[in-house]
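Okay, structure first, notes after.
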Amino acid sequence: MSNSRYSRIVILTGAGISAESGLATFRDKGGVWAQYDYQEVATPEGFERNPEKVHAFYNMRRRNAQTVQPNAAHRALALLERELPLIAGVGAEVLVVTQNVDNLHETAGSRHLVHMHGELMKAWCTYCDTRMPWIGDMSSATVCPTCSASGGVRPDIVWFGEMPYHLEMIASKIDAADLFISIGTSGNVYPAAGFVSDARRAGAHTVELNLEPSEGACLFAEVHHGPASEIVPTYVDRVLDGSV
Ligand code: APR
């Protein structure tokens, strides 16, 4: 029986946790924003200008995301969520806050999870405000199954300039956290990049697990660099056996 030192853990993930599953990150060499202009495919203005271009971009990413599998890092976080309450008591909890829009955390078994930038496998009808699961392609001709109108269905993705989801809940969980771990994110995009500072103010221990130092690496009390599929399972084992 081991005894974790932590019982309220918030984990922020970014594109780097899905890289070894085969999904491109955004800002690494050859990444998504080296191939596409984010202003054309990931802003409300871009969608207004050319909706079909935006639909084609997300149709391609939605199809890709259904061809890949979780890696050992995703599975380690699902294990931590299952095992922590058994070790640290029933009140112990792990929350994964992901910037990613793929569903690899869910496929790996994470349940206590929020997608702050939305989800590829969801659609949003801006006419009747219905949000619904969506695995096929989408276009301006797509008819909303709820209100039967076409032209209003868009990917349920938070674009640049739009408000990320679940921010109040995330803030309250970080405020109560005793451990904050950031995995596979470059620390370029707010508000996610500011979560480590909120966690420090809350008195949580802060850890960065990333391939290389992120923009905010100096803000973390502890950093480990390497591929997520290697350093995340190792760190999860150490949290569960109380050695960190
Ligand atoms: N293991 C661990 N980390 C990795 C790996 C890996 N195998 N491969 C890459 N990384 C790290 C990179 O070093 C980088 O720091 O993952 C990070 C990816 O950074 P970005 O490409 O900027 O992705 P992310 O931080 O998730 O972007 C945040 O920006 O474009 C928006 O909405 C989009 O959610 C995204 C947000």
Side-chain angles (χ1 to χ4, degrees), residues 11-47 54 57-58 60-62 64-65 68-77 96-105 108 113-122 124 154-167 170 180-197 206-220 222-236:
I11 302 172
L12 173 68
T13 66
I17 199 170
S18 298
E20 290 163 271
S21 293
L23 293 180
T25 61
F26 292 96
R27 293 172 184 84
D28 288 323
K29 199 165 167 319
V32 174
W33 299 143
Q35 301 168 55
Y36 296 89
D37 175 351
Y38 80 89
Q39 301 190 47
E40 290 182 5
V41 294
T43 61
E45 297 77 13
F47 187 63
V54 176
F57 175 66
Y58 287 100
M60 173 274 293
R61 292 181 66 203
R62 191 176 302 106
N64 272 352
V68 296
Q69 292 302 319
N71 61 58
H74 297 102
R75 291 194 294 272
L77 298 188
V96 174
V97 178
T98 189
Q99 300 173 89
N100 299 339
V101 292
D102 62 59
N103 61 354
L104 293 174
H105 283 301
L113 161 74
V114 287
H115 284 269
M116 64 182 288
H117 290 165
E119 297 175 64
L120 276 173
M121 263 50 102
K122 278 218 176 121
W124 173 25
R154 61 167 268 190
D156 189 10
I157 296 278
V158 177
W159 286 329
F160 288 95
E162 295 184 326
M163 183 62 75
Y165 296 154
H166 310 295
L167 291 182
I170 294 167
F180 175 79
I181 306 174
S182 176
I183 303 172
T185 181
S186 62
N188 268 293
V189 175
Y190 287 81
F195 289 166
V196 58
S197 303
T206 54
V207 182
E208 172 170 275
L209 305 178
N210 208 56
L211 190 62
E212 59 202 11
S214 71
E215 293 285 317
C218 61
L219 297 170
F220 290 87
E222 181 180 1
V223 296
H224 298 279
H225 296 132
S229 66
E230 292 170 22
I231 63 176
V232 175
T234 302
Y235 201 81
V236 163

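Start at 1 and go down the list; that is how both ligands and their atoms are numbered.
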(request) Test side chain to side chain donor-acceptor pair (under 3.5 Å) on Ser18 and Asp102 and set out the steps. (result) CA-CA 8 Å; Ser18 298; Asp102 62 59; 2.8 Å; yes
(message) Could you measure the distance from the CZ atom of Phe180 to the CZ atom of Phe195? Nearest 0.5 Å is fine.
(response) 7.0 Å
(request) Report all protein residues having a heavy-atom distance below 4.0 Å to some atom of ligand 1; order the list by chain, then number. (result) Gly14, Ala15, Gly16, Ala19, Glu20, Thr25, Phe26, Arg27, Asp28, Trp33, Gln99, His117, Phe160, Gly184, Thr185, Ser186, Val189, Asn210, Leu211, Glu212, Gly226, Pro227, Ala228
(message) Counting C-beta onward and ignoring hydrogens, is there a side-chain heavy-atom pair between Tyr36 and Arg61 closer than 4.5 Å?
(response) no
(request) State whether Arg154 and Glu162 are salt-bridged, where the test is any N-O pair (Lys NZ or Arg NE/NH1/NH2 against Asp/Glu carboxylate O) under 4.0 Å. (result) yes
(request) With the side chain counted from C-beta on, respond yes when Leu77 and Ile17 share a heavy-atom pair under 4.5 Å apart, and no when they do not. (result) yes
(request) Could you check Ile11, Val97, Leu12, Leu219 and say which one makes a side chain to side chain contact (heavy atoms under 4.5 Å, CB included) with Ser182? (result) Leu12
